[in-house]
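Notes follow the structure.
The first residue in the sequence is number 1, and the count goes up from there.
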Amino acid sequence: MTYDRDRIKALLDEGVRDKVYPGAVWAVGDATGILAQGATGVLDPDEPDEPMRANTVFDAASLTKILAVWSSIGALWEDGTLDLNQPLGTFWPEVAGHPLGTVTTQQLLTHTAGVPLRAQLKNLYGTNPEEIRRGVLREQLHRTPGEAVEYTDRASLILGYLAEHLSGQPLDQLAATRTWHPLSMTYTRFGPLPADLAARCAPTELDQDTDTHLKGVAHDFSARLLGGVCGIAGAFTVLDDLAAFLRYMLAPAASRFRAGFGSEWITRSLTIQTGQLQPARGLFWHPAPGTTADEDAWVHYGFTGTGMWISPNKDRWAVLLTNKLYYTRDRGPLTEVRNTFRELTFS
């Protein structure tokens with residue numbers, strides 16, 4: 001494996017100086033584990049003596065879609081409980097007779113289901129979780145299923161509800177029992193976090209109601225509205241847990257751990273499933289920007305500033321965790337850092 005630790009460090013240090021993020025934690029590894037890692041910057045600019053550390057807890061944001069939803073749906077598929085190409089309405093009474101009933105799990109996983117692009121849960125359905133669930137599952141489609149690839153948070157929200165229906169467990173329990181506990185992901189959990197973990201958490205955006213930065217409470221409004229647990233966001237994690245997850249993904253058969261999903265699900269997910277439609281997608285994962293099919297580099301990002309990459313062909317994974325949302329919602333500066341980081345770790 002080749003990677004330039006000094007250039008990675010210089011890149012991420014520069015991001016701190018340029019106020020792209022207060023701090024960052026990173027690692028690169030293979031199926032044997034972590035090969036290089038580091039941390040830079042501070043946890044919170046208001047407390048400049050508290051550095052960012054390898055064990056800092058991060059609001060995973062949309063990495064929740066992978067850690068909780070994708071992994072749980074994969075476990076149900078490998079159990080034989082779920083047919084990805086069967087219309088939802090044929091086996092899920094809650095959506096039978098509604099527009100969503102014509103959609104398949106495969107379409108939701110490839111962001112081709114045609115469901116609305118914005119969550120807007122409170123505006124549309126109020127604040128009662130059961131009424132939100134009912135509203136989401138009965139909502140009109142935005143376009144014909146299979147017509148276009150359009151990233152939407154609703155896909156993961158619906159799949160989270162589906163996983164709960166099929167398993168008979170709340171999503172947080174399902175993810176913990178089928179994925180997080182089996183892989184010894186000790187600190188990965190949905191929030192709000194208990195005080196001891198919240199103290200180690202990288203703060204995100206300023207909460208206008210309290211005039212303090214969110215810390216140990218999900219930044220994502222939908223997750224907060226739903227009590228902290230939903231398919232969109234809400235999970236918190238640490239570098240070592242993501243390393244364990246990605247290491248397992250590279251070589252599940254060789255692992256001493258056994259999650260609910262295995263090699264079949266991983267291979268299917270890290271293969272383009274959208275035909276000629278653009279942008280290309282696997283199952284929730286997508287090809288890393290600026291890479292070719294031969295490079296086999298896949299990525300998923302989180303809005304708070306998190307990201308993880310994997311390449312089975314290269315037997316490599318990488319993680320970059322930041323709390324860029326502390327400063328701004330502007331994606332531009334972090335996008336440049338992420339793309340350069342991927343180039344340096346997968347060269």
Side-chain angles (χ1 to χ4, degrees), residues 60-70 72-74 77 82 84-89 92 95 98-125 132-133 135-163 219-223 225-226 230-234 268-291 293 297-304 306-309 329-332 334-335 338-339:
S62 281
L63 296 193
T64 302
K65 296 174 170 70
I66 297 293
L67 300 176
V69 178
W70 173 84
S72 296
I73 291 292
W77 178 73
L82 178 61
L84 299 187
N85 294 307
Q86 191 175 347
L88 299 179
W92 191 8
V95 302
H98 299 287
L100 194 59
T102 65
V103 167
T104 67
T105 304
Q106 175 86 5
Q107 288 167 336
L108 289 167
L109 286 163
T110 54
H111 292 286
T112 59
V115 297
L117 303 186
R118 300 276 307 281
Q120 295 182 301
L121 303 183
K122 184 178 180 181
N123 290 346
L124 292 171
Y125 316 118
I132 291 170
R133 179 181 178 124
V136 167
L137 298 183
R138 294 181 178 182
E139 188 57 80
Q140 296 296 313
L141 297 181
H142 154 74
R143 66 162 76 236
T144 304
E147 190 176 86
V149 178
E150 296 176 307
Y151 182 87
T152 165
D153 282 339
R154 280 185 179 243
S156 56
L157 181 60
I158 292 163
L159 287 172
Y161 289 147
L162 174 62
H219 167 264
D220 185 89
F221 181 74
S222 297
L225 186 63
L226 293 169
C230 77
I232 295 173
R268 185 180 183 122
S269 299
L270 302 182
T271 305
I272 291 172
Q273 299 284 341
T274 44
Q276 299 305 308
L277 294 176
Q278 293 293 327
R281 288 261 169 190
L283 301 182
F284 266 15
W285 295 86
H286 64 90
T291 62
W298 298 79
V299 68
H300 206 289
Y301 302 123
F303 188 68
T304 48
T306 57
M308 54 186 182
W309 294 256
R329 290 191 169 201
D330 179 11
R331 299 182 184 192
L334 184 62
T335 297
R338 281 170 164 167
N339 291 341

Any donor-acceptor N/O pair, Thr64 side chain to Ala61 backbone, under 3.5 Å: yes
Straight-line distance of His300 NE2 to Thr306 OG1, nearest 0.5 Å: 9.5 Å
Leu226 side chain near Ile232 side chain, heavy-atom distance below 4.5 Å: no
Heavy-atom pair with the smallest gap, counting every atom of Pro287 and Ala280: CD-O, 3.4 Å
Any side-chain heavy-atom pair of Leu82 and Leu162 under 4.5 Å: yes
Separation of Leu67 CG from Met308 CE (nearest 0.5 Å): 4.5 Å
pair Glu139-Ile158: side-chain heavy atoms closer than 4.5 Å: no
Pro289 vs Val299 side-chain heavy atoms within contact, under 4.5 Å: yes
Within-4.5 Å side-chain heavy-atom neighbours: Val136 and Arg154: yes
With Phe221 via ring-ring contact (aromatic ring centres under 6.0 Å, His included) - residues at least two apart: none
Any side-chain heavy-atom pair of Ser269 and Trp298 under 4.5 Å: no
Spacing of Thr102 atom OG1 and Leu141 atom CG [to the nearest 0.5 Å]: 5.5 Å
Side chain to side chain, Thr105 and Leu159, heavy atoms closer than 4.5 Å: yes
Value rounded to 0.5 Å, distance of NZ in Lys65 from CG in Asp153: 4.0 Å
Heavy atoms from other residues, nucleotides or ligands near CZ of Arg143 exceed 12 (cutoff 6.0 Å): yes
Nearest non-hydrogen partners of Ala119 and Ser222, listed with the distance: CB-OG, 3.7 Å
Reported NE2-to-OG1 distance for the pair His219 and Thr304, which is rounded to 0.5 angstrom: 8.5 Å
pair Arg281-Thr112: side-chain heavy atoms closer than 4.5 Å: no
